Novice: 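Please find one structure pasted underneath; my questions will follow.
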Amino acid sequence: MRLYNTLKRKKEEFVPLNGNKVSLYACGITAYDLCHIGHARSSVVFDVLVRYLRFKGYDVTFVRNFTDIDDKIINRANETGVSATELAEKFIGEFYVDMDRLNILRADIEPKCTEHIPEMIELTETLIGKGHAYSTPSGDVYFKVRSFDDYGKLSGRNIEDLQSGARIKPGEEKKDPLDFALWKAAKPGEPSWESPWGEGRPGWHLECSAMSEKYLPLPFDIHGGGQDLSFPHHENEIAQSEAATGKEMARFWVHNGFVQINSEKMSKSLGNFFTIRDIIEKFMPETLRYFLLTMHYRSPLDFSFDALEEAEKGIRRVYAALEQIEEALQKAKWSKAALPDEVLAEIEDAEKGWADAMEDDMNTAAAMGHIFTLIRLAGRIAEEKSWRKSEGGRDAWTRILENVRKWGEVLGIFTEKPAVFLNNLKQCMLERNGIDVSKVEELVAARQDARKNKDFARSDEIRDELIELGIEVKDTPQGAVWNVI
RNA sequence: GGCGACAUAGCCAAGUGGUAAGGCAGAGGUCUGCAAAACCUCCAUUCUCCGGUUCAAAUCCGGAUGUCGCCUCCA
């Protein structure tokens, strides 16, 4: 497959370094608060990448860390009167709750920063030994950016450009404004660990270098994360790992685009962010996942509840079609007839289109289009009397169903039983719109009575009332069926 | 100030040299007591603008405008 490599600024053919094995590291969360939609996007993107690589037959080792010690955690812990450890554990727990609901697979290895302090100290010592880092009188250790010639290769910056923006904050003992902390001396009351430089804790960038190196031999195949991590976080990781080992850190750097609100980055300072909880309170988690996959992973994605409602209609249509196909396939007798070649050719085109889209930098948006092609085709077979009764129709439906299931497995959507999903969706929409079910059922029953008596004026009147409530009724051979609009 | 990304129909969105996927909304039709759902048909001679390269450009190059991001913690 072709993957966009930030390091090279272009798509490159992805071939793992070691045969069938793929090693992938993605930066995880800093556990100090609930996850927001941005975390959801990043998690979904790398979850689909892992699923797709496995689908292709690769043996993937996926490592995703937890940052469980950090300024933000300490601050939040102090505010709320719990220990940093307790706080981090709480939000790691909440992270799993959200990820499970979004159908995100667990990573193979999920290292925590606080469990890898010795490795971090060792890495820091190596860097000092090689002249890439230095300690200060107060017990901080800084990485000497100018000692690493490749600094800036990921983010496309050069030392001179960076220098203009860099400042030494009061109290810092950096020798150069560009230098960044590997180890921070403990301030009073902070959690800390013993080190050759006194009590302290690791800097954020150091964690990922130490943990990735421990679990994945360098260079590993793919390093992922949000776009905003590319500088300085990933740049610093590269500097640390490559300066210490002399090896390349990762061959492919993959970055997902941001979630935006009204075309602006979602952030706490702008007060425009939504947590995953905010969303799944009102929408199915799978709707959110579907929505996130309707756009290419590198594009900025504008979130709104209107857009989510639109996505909800799309996913409902797919599940409704799956349900109909499953029902249609219950039939026992099929006539011996084949479908026209062009219908089969359309299925083949969709299959090929799906594969091409995923191969091309994991283009889930394009891939989704081919799912809809199959959905439409399934409906067409149902419309044509001679097709829907034939073995050709049966086989085409089966093939469509299998494809959607298989592709859905990779995307992490469309894997529920259609009836279950549709029913849950209905409940979710009823609740969100505050619809009184007993009132609806009363009206539907009254309408049925009116229809039985051929009082169509009354029946249509009731239907208008239902529409007013946000309910549509359809009359089927099995009776009236209602749904939320 | 430095670096970078993006600009495609009413909306969302694929598409990196060969003549504009898909979704949502909308219009007409089949079906229906009428509807709904489903399906069929239609819905961008054109891709922000101006130049250039080419037999050929939404796609490449230059410029303009606009939007956003990174340069401080951030998925």
Side-chain angles (χ1 to χ4, degrees), chain A residues 6 9-11 26-30 32-33 35-46 70-72 75 152 155-158 160-167 169 204 224-233 235 255-260 262-269 273 290-291 294-296 298-302 304 306-307 309-315 317-318 320-321 324 349-350 353 357 360 363-373 375-384 451 454-457 459-460 463-464 466-467 472-476 480-483 485:
Chain A
T6 308
R9 276 169 197 69
K10 63 178 184 202
K11 290 183 203 170
C27 294
I29 57 158
T30 297
Y32 77 107
D33 206 345
C35 289
H36 56 237
I37 316 173
H39 295 111
R41 184 177 198 194
S42 191
S43 306
V44 167
V45 165
F46 292 103
D70 163 272
D71 287 334
K72 290 191 293 290
N75 292 340
S155 53
R157 291 154 210 257
N158 59 54
E160 285 66 39
D161 293 340
L162 289 166
Q163 195 174 22
S164 60
R167 297 276 182 281
K169 285 182 208 147
W204 177 44
Q227 215 157 57
D228 51 350
L229 258 32
S230 70
F231 188 89
H233 183 56
E235 197 70 70
H255 293 99
N256 66 274
F258 285 121
V259 175
Q260 307 182 325
N262 295 324
S263 299
E264 282 186 323
K265 180 176 173 176
M266 202 172 67
S267 75
K268 295 200 175 179
S269 52
F273 81 101
Y290 169 92
F291 169 72
T294 57
M295 275 145 266
H296 185 88
R298 281 190 288 118
S299 310
L301 176 161
D302 223 50
S304 70
D306 284 348
E309 279 185 38
E310 200 182 284
E312 192 175 58
K313 287 177 190 161
I315 195 172
R317 183 173 158 207
V318 174
Q324 280 176 0
D349 284 351
D360 184 17
N363 193 338
T364 55
M368 209 78 90
H370 299 290
I371 291 181
F372 277 97
T373 301
I375 294 302
R376 207 175 337 102
L377 203 54
R380 236 163 81 201
I381 294 167
E383 289 297 311
E384 187 67 48
R451 289 186 73 230
K454 299 258 187 280
D455 184 356
F456 294 120
S459 143
D460 291 351
R463 185 169 57 207
D464 288 342
L466 284 162
I467 288 169
E472 69 183 11
V473 213
K474 59 179 164 181
D475 300 316
T476 73
V481 174
W482 61 270
N483 217 328
I485 300 171

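All values derive from a computational prediction rather than experimental measurement. Here is the naming used below: chain letters follow the sequence lines, and residue numbers restart at 1 for every chain.
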Novice: For A/His39, does its backbone N or O pair with a side-chain atom of A/Ser42 as donor and acceptor, under 3.5 Å?
Specialist: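 No.
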
Novice: Give the minimum heavy-atom separation between A/Met295 and A/Leu301, together with the two atoms involved.
Specialist: SD-CG, 3.6 Å

Novice: Where the side chain of A/His36 is defined as all heavy atoms beyond and including C-beta, which of B/U16, B/G69, B/A75 is the nearest nucleotide?
Specialist: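 Out of B/U16, B/G69, B/A75, the nucleotide with an atom closest to A/His36's side chain is B/A75.
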
Novice: For the pair made of CE in A/Met266 and C1' in B/C73, what is the distance, rounded to whole Å?
Specialist: 15 Å

Novice: For the side chain of A/His370 and the backbone of A/Ala367, is there at least one donor-acceptor N/O pair under 3.5 Å apart?
Specialist: no

Novice: Heavy atoms under 4.0 Å, any strand shown: does A/Gly257 hit a base, just sugar-phosphate, or nothing?
Specialist: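 The answer is base, as A/Gly257 lies within the cut-off (heavy atoms under 4.0 Å) of a base atom.
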
Novice: Starting at atom NZ of A/Lys454, determine the distance to atom P of B/U32, rounded to an integer number of angstrom.
Specialist: 14 Å

Novice: Taking the nucleotide of RNA chain B with the nearest heavy atom to each, does A/Glu310 or A/Arg9 sit closer to the 5' end?
Specialist: A/Arg9

Novice: Can you give me the closest heavy-atom contact between A/Ala365 and A/Thr294, atom names plus distance?
Specialist: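 Heavy-atom minimum between the residues: CB-O, 3.2 Å.
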
Novice: Rounding to a whole Å, what distance do you find between A/Arg157:CZ and B/G1:C1'?
Specialist: 13 Å

Novice: Look at all strands and tell whether A/Gly38 reaches a base, only sugar-phosphate, or nothing, counting heavy atoms closer than 4.0 Å.
Specialist: base

Novice: With rounding to the closest Å, how many angstrom separate the C1' atoms on B/C47 and B/U19?
Specialist: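 It works out to 13 Å between them.
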
Novice: Specify the separation, in whole Å, of atom NZ of A/Lys72 and atom C1' of B/U72.
Specialist: 11 Å

Novice: Between B/C61 and B/U67, how far apart are the C1' atoms? Round to whole Å, please.
Specialist: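 It works out to 23 Å between them.
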
Novice: Return the pairing partner of B/G62 with a 3.5 Å limit on both distances, Watson-Crick or G-U wobble; otherwise return none.
Specialist: B/C50

Novice: Could you check whether any side-chain N or O of A/Glu235 sits under 3.5 Å from a backbone N or O of A/Ser155, counting only pairs where one atom can act as donor and the other as acceptor?
Specialist: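 Looks like yes, one N/O pair under 3.5 Å.
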
Novice: Closest approach of A/Ala311 and A/Phe291, non-hydrogen atoms and distance?
Specialist: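 Distance-wise, the nearest heavy atoms are CB-CB, 3.8 Å.
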
Novice: Could you check whether A/His233 gets within reach of a base, just the sugar-phosphate, or nothing at all, counting any heavy atom under 4.0 Å?
Specialist: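 Nothing, no heavy atom under 4.0 Å.
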
Novice: Can a donor-acceptor pair be found between the side chains of A/His255 and A/Ser230 at a distance below 3.5 Å?
Specialist: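 Not at all, the side chains of A/His255 and A/Ser230 share no donor-acceptor pair under 3.5 Å.
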
Novice: Say you pick atom C1' in B/A75 and the same atom in B/A38; how far apart are they, in whole Å?
Specialist: 40 Å

Novice: Between B/G51 and B/G17, how far apart are the P atoms? Round to whole Å, please.
Specialist: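 To the nearest whole Å, 25 Å.
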
Novice: With a non-hydrogen cut-off below 4.0 angstrom, is A/Ala365 in contact with a base, only sugar-phosphate, or nothing?
Specialist: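 Result for A/Ala365 = base.
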
Novice: Which is true for A/Val259 with a 4.0 Å heavy-atom rule: it touches a base, it touches only sugar-phosphate, or it touches nothing?
Specialist: base

Novice: Starting at atom CG of A/Asp33, determine the distance to atom P of B/C73, rounded to an integer number of angstrom.
Specialist: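 Atom CG in A/Asp33 sits about 18 Å away from atom P in B/C73.
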
Novice: Which one is paired to B/U16, where only Watson-Crick or G-U wobble pairs with both distances under 3.5 angstrom count?
Specialist: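 With both distances under 3.5 Å required, B/U16 matches none.
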
Novice: Taking B/G18 as the reference, what is the distance to B/C60 when you measure between their C1' atoms (whole Å, please)?
Specialist: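 It works out to 14 Å between them.
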
Novice: Answer yes or no: does atom CG of A/Asp464 have more than 12 heavy-atom neighbours from other residues, nucleotides or ligands under 6.0 Å?
Specialist: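 Above 12, so yes.
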
Novice: Mind listing the closest non-hydrogen atom pair of A/Arg9 and A/Gly156 along with its distance?
Specialist: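 Minimum heavy-atom contact is NH2-N, 3.0 Å.
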
Novice: Can we say A/Lys11 and A/Asp360 salt-bridge, meaning some charged N sits less than 4.0 Å from an Asp/Glu carboxylate O?
Specialist: yes

Novice: Can you check whether A/Ser263 has a side-chain N or O nearer than 4.0 Å to OP1 or OP2 of B/G69?
Specialist: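 No, no such contact exists.
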
Novice: A/Glu384 has an atom CD; how far is it from atom C1' of B/C31, in whole Å?
Specialist: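 The answer, rounded to whole Å, is 14 Å.
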
Novice: Give me the distance, rounded to whole Å, that separates B/A9 from B/U30 when you measure between the P atoms they each carry.
Specialist: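 It comes out at 33 Å once rounded to the nearest Å.
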
Novice: For a quick test of reading the model: is some side-chain N or O of A/Asn363 closer than 4.0 Å to OP1 or OP2 of B/G15?
Specialist: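 For A/Asn363, the contact criterion (side-chain N or O under 4.0 Å from OP1 or OP2 of B/G15) is met.
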
Novice: Under 3.5 Å for both donor-acceptor distances, Watson-Crick or wobble: does B/A38 have a partner, and if so which one?
Specialist: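 Its partner is B/U30 (Watson-Crick or G-U wobble, both distances under 3.5 Å).
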
Novice: Please state how far atom CZ in A/Phe231 lies from atom C1' in B/C73, giving the value in whole angstrom units.
Specialist: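 From A/Phe231 CZ to B/C73 C1': 13 Å.
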
Novice: Can you tell me how far C1' in B/A7 sits from the matching atom in B/G15, rounded to whole Å?
Specialist: 15 Å

Novice: Could you let me know what B/G10 is paired to, Watson-Crick or G-U wobble, both distances under 3.5 Å, or none if it's on its own?
Specialist: B/C24

Novice: Looking at A/Gln227 and B/G69, is any side-chain donor or acceptor paired with a base atom of the opposite kind under 3.5 Å?
Specialist: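 No, the side chain and the base share no sub-3.5 Å donor-acceptor pair.
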
Novice: Between B/C70 and A/Lys265, is there an OP1 or OP2 to side-chain N/O distance shorter than 4.0 Å?
Specialist: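 Yes, A/Lys265 has a side-chain N/O under 4.0 Å of OP1/OP2 on B/C70.
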
Novice: Searching all strands shown, indicate the nucleotide that pairs with B/U67 (Watson-Crick or G-U wobble; both distances under 3.5 Å).
Specialist: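 Pair assignment: B/U67 / B/A5.
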
Novice: Where along nucleotides 33-44 of chain B does protein come under 4.0 Å, by heavy atom, of base (B) or sugar-phosphate alone (S), with - for untouched nucleotides?
Specialist: BBBBSBSS----

Novice: Which listed nucleotide (B/A75, B/U16, B/G22) is nearest to the side chain of A/Phe372?
Specialist: B/G22

Novice: According to the Watson-Crick and G-U wobble definitions, with both distances under 3.5 Å, which nucleotide is paired to B/U45?
Specialist: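 Partner of B/U45: none.
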
Novice: Can you measure A/Arg298 atom CZ to B/A75 atom P for me and round it to whole angstrom units?
Specialist: 21 Å

Novice: Distance between the C1' atoms of B/A36 and B/A14, in whole angstroms?
Specialist: 31 Å

